[in-house]
Amino acid sequence: MTSKKLWQRYQDWLYFNDSLGLYLDISRIPFDDGLLEQLQPKFGKAFADMAALEAGAIANPDEDRMVGHYWLRDPDLAPSHLKKEIETTLIHIEDFVRRVHHGIIHPPYEPQFTDIISIGIGGSALGPQFVSDAIAPDIPPLNIHFIDNTDPAGIDRILTRLKDRLKTTLVIVISKSGGTSETRNGLLEVKHAYREAGLYFPDYAVALTMEGSKMDEQEQCDRWLAKFPIFDWVGGRTSELSPVGLLSAALIGIDIHTMLKGAKIMDEATRVPDVKNNPAALLALSWYAVGDGKGEKDMVIIPYKDSLLLFSRYLQQLVMESLGKEFDLDGNTVHQGITVYGNKGSTDQHAYVQQLREGVGNFFATFIEVLEDRAGPSIEIEPDATSGDFLFGCLQGTREALYENGRASLTITLERVDALNIGALIALYERAVGLYASLININAYNQPGVEAGKKAATQFLLLQQTIVKLLRQTPEPLSLEALAEKVHTPDEVETVYKIVRHMAINHRGMILQGDLHKPSDILVSYRTEDS
Ligand SMILES: O=P(O)(O)OC[C@H]1O[C@H](O)[C@H](O)[C@@H](O)[C@@H]1O
């Protein structure tokens, strides 16, 4: 396409939101203008699905749930019985945060809380991590640390760093279901550390979970410093603008009202039932066009701004957990999805952009351009050139280089990275995923595959407990085959081997004898501490 025609296409498809100062450019996504015509019926249904969802329909049929994250930033949209709960919860959050900041709520024998440990995983971590990394003040009122895995060394790293400050550290435990094992493990590890430090854990703990959840019952969270609800009509991957994200954001000094405002403005923009004037519909159209509605091209997220580094990680859950489904709503096997990866520019140009430019063309790039280079003036690096100009040039140059080699891209342009734009960005992608899911006829709001993984993990732990129990009762060493036989898993010798190897390395009483290079010759025995 000639540059003249490209310029015209750029202008024809450019979306601009003047309330936000946000642009969306899909001109480098190749599709015939006829595609939009062809997709109008699907978009008509997508807009109708979305309107019904916002009106309280059961938009998540597999779990028989409403989908209400849009109500969080506009409670007037919510069913009347939920509106008050949304509003009062926000007031409770603000009041709690104000009292923590003013030392009215403080740790025993200390004037103020100084740090936060946030324990949660998936949607109970990725949003708070992205938002705090993007827009927390450089000197926040409290420093936040995330335990988002059941990795003992990762937990130790945070507890070691906080050793002298545990006594002034607030612990926020986030789990909608209250049953996620990684979060439960993190909670028990941190509780142990507080006990070891002579600190009464409930004086430092805040719970975010569904009323009556497993965690709520087991931990009696009513005895903790505070407890905030996670609403069952908010999914984990769309919970950043619920108490899940708002509490920690407010505690670290982020203006949550402006974040909610940005999301609300974007919601209004993405409610417009006209593709060319709806940024979320334009994204959905672009994804559909470039991947033929089957996710044939990966979504590479490259924000040219350090503060947006974690956006791709956040989108991995929002996009892939929503769209990565085996069946469509009619029960057809579709194996849908769009793969998301990326970090930041121009840094990634020195890592994998080489492949994007010349290698396998199985992707489309999403550039995020931020117009404001920094708060304040820049020095000249070269005559009439600042480091921000270089960053700008790298983005534009990479976009052009990809296009010249037949690689598609779209560009979102923000004025700056602040609470307003982060709220808008989150809302933009929540809506785009929802509209795209309608186009491809899948349920964006369940996650059946995750349950399968949880069940498999439980099976491993049950087998491990069976192995230990048997070895405790078996004085003589056993071969792996004999051990597998005795625990009734003769076909899982390899699994038995990995379990005993992992336990042996971690000094859990497991004794391996023989040549470790030849697992089949190994003999296994067990020695308890007192034996
Ligand atoms: O908040 P929780 O109930 O602990 O769930 C944490 C995460 O667990 C699973 O992985 C779900 O698929 C995610 O959507 C959810 O965010």
Side-chain angles (χ1 to χ4, degrees), residues 59-60 62-69 72 89 117-132 146-151 154-155 171-191 205-219 221 224 227-249 310 313-327 336-338 340 426 429-430 433-434 437 442-458:
N60 179 0
D62 300 47
E63 297 172 358
D64 192 30
R65 279 179 171 165
M66 297 186 289
V67 175
H69 47 276
L72 297 166
T89 301
I117 295 176
S118 181
I119 305 173
I121 195 167
S124 295
L126 289 164
Q129 288 169 318
F130 160 53
V131 167
S132 66
F146 293 96
I147 291 178
D148 67 349
N149 196 7
T150 182
D151 168 12
I155 293 167
V171 182
I172 300 178
V173 187
I174 310 173
S175 178
K176 174 176 178 182
S177 62
T180 304
S181 55
E182 294 93 334
T183 307
R184 185 278 315 268
N185 299 355
L187 168 57
L188 295 180
E189 293 266 6
V190 170
K191 276 176 73 175
V206 175
L208 283 102
T209 189
M210 279 209 294
E211 193 63 36
S213 76
K214 197 172 165 187
M215 179 175 97
D216 194 12
E217 299 297 324
Q218 279 178 349
E219 293 295 333
C221 298
W224 290 10
K227 188 172 84 168
F228 298 96
I230 297 183
F231 311 121
D232 82 326
W233 39 267
V234 176
R237 52 191 176 271
T238 53
S239 64
E240 174 52 26
L241 298 174
S242 81
V244 168
L246 297 178
L247 176 65
S248 56
L310 297 186
R313 273 184 85 218
Y314 172 75
L315 287 184
Q316 281 181 327
Q317 187 198 19
L318 176 57
V319 174
M320 297 175 77
E321 194 168 74
S322 299
L323 302 178
K325 302 291 165 62
E326 182 172 3
F327 303 107
Q336 268 290 3
I338 301 179
V340 177
I426 288 170
Y429 272 84
E430 286 176 343
V433 165
I442 59 138
N443 176 355
Y445 308 107
N446 65 343
Q447 48 284 324
V450 174
E451 303 319 314
K454 286 180 181 175
K455 287 193 183 86
T458 307

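All figures in this text were calculated on a predicted structure; none of them were measured in a lab. We count ligands from 1, going down the list as the structure has it; atoms in each ligand are counted the same way. We use all heavy atoms of the structure for the numbers below, so side chains are in, but hydrogens, waters and symmetry mates are not.
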**Student:** Tell me, please, which residues at least two apart from Trp233 pass ring pair (Phe, Tyr, Trp, His ring centres under 6.0 Å).
**Tutor:** Trp71, Phe231
**Student:** Provide the closest heavy-atom pair for Gly434 versus Tyr445 in the form atom of the first, atom of the second, distance.
**Tutor:**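 The answer is CA-OH, 3.6 Å.
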**Student:** Give every residue pair that meets the salt bridge (charged side-chain N to carboxylate O under 4.0 Å, His left out) criterion with at least one member in residues 315-327, sequence neighbours excluded.
**Tutor:**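 Salt bridge (charged side-chain N to carboxylate O under 4.0 Å, His left out) check on residues 315-327 returns Arg237-Glu321.
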**Student:** According to side chain to side chain donor-acceptor pair (under 3.5 Å), who are the partners of Ser181, at least two apart in sequence or on a separate chain?
**Tutor:** none
**Student:** Main chain of Thr209, side chain of Ser213: is a donor-acceptor contact present, judged purely on distance under 3.5 Å?
**Tutor:** no
**Student:** How would you list, by chain and number, the residues with a heavy atom under 4.0 angstrom from ligand 1?
**Tutor:** Ile121, Gly122, Gly123, Ser124, Ser175, Lys176, Ser177, Thr180, Gly236, Gln317, Glu321, Gln447, Val450
**Student:** Using the side-chain contact (heavy atoms from CB on, under 4.5 Å) definition, which of the options Val206, Leu246, Ile172, Ile174 pairs with Phe228?
**Tutor:**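 That would be Val206.
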